[in-house]
Visitor: 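To start, I am sharing the structure in question, which I have written as structure tokens.
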Amino acid sequence: MTLYKNIIESYGSLGIVTRATVALRPCQPFVKSVYTHYKDCAKFSKVIYDKTREGKGDFLEGLVLSEDSYLVIESEFVAEKGDLPFLNPGPDCTEGE
């Protein structure tokens, strides 16, 4: 029996990270995001699977909001915001605006 299996409710997955490698890459000042809503879980799952396999874009997120509401968020770094809506959640941002 391994050490990790002796830790209650760890399911053999606890451990201590003693070494990690982090790959850094350059980014741009803005992130462009496209939100797509799905009502069908199978279609949502296929889109997430296909987009993961494509490897395009900088970020891909899938959110399950309810039994029949799924959200795919595709994002990428961009140099200019263009005419897209812009959110600046910095110190000047006031709650409720």
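Being a predicted model, the structure only gives us computed values, none of them experimental.
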Visitor: Using the rule that Ile, Leu, Val, Met, Phe, Trp and Tyr join whenever any side-chain heavy atoms are under 4.5 Å apart, tell me whether I73 and V31 fall into a single cluster.
Guide: no

Visitor: Test question: given the 4.5 Å side-chain rule for I, L, V, M, F, W and Y, name all other residues clustered with I48, or answer none.
Guide: Y38, F44, V47, L60, V64, Y70, V72

Visitor: Quick check on F30: does its CZ atom have over 12 non-hydrogen neighbours (other residues, nucleotides or ligands) under 6.0 Å away?
Guide: yes

Visitor: Do you know which two heavy atoms are closest between A79 and P29, and how far apart they sit?
Guide: O-CG, 3.5 Å

Visitor: When rounded to the nearest 0.5 angstrom, what distance separates OG in S69 from NZ in K39?
Guide: 8.5 Å

Visitor: Do V34 and T36 touch side chain to side chain, with heavy atoms closer than 4.5 Å?
Guide: yes

Visitor: With the side chain counted from C-beta on, respond yes when L71 and L65 share a heavy-atom pair under 4.5 Å apart, and no when they do not.
Guide: yes

Visitor: With a sphere of 6.0 Å drawn around NZ of K81, does it hold more than 12 non-hydrogen atoms of other residues, nucleotides or ligands?
Guide: yes

Visitor: Could you name each residue pair satisfying salt bridge (charged side-chain N to carboxylate O under 4.0 Å, His left out) that touches residues 65-78, not counting sequence neighbours?
Guide: K51-E74

Visitor: So which pairs with a foot in residues 20-36 pass salt bridge (charged side-chain N to carboxylate O under 4.0 Å, His left out), sequence neighbours left out?
Guide: R25-D58

Visitor: If you count every heavy atom of other residues, nucleotides or ligands that lies below 6.0 Å from Y49 atom OH, does the total exceed 12?
Guide: no

Visitor: How long is the straight-line distance from NZ of K46 back to SG of C41, given to the nearest 0.5 Å?
Guide: 14.0 Å

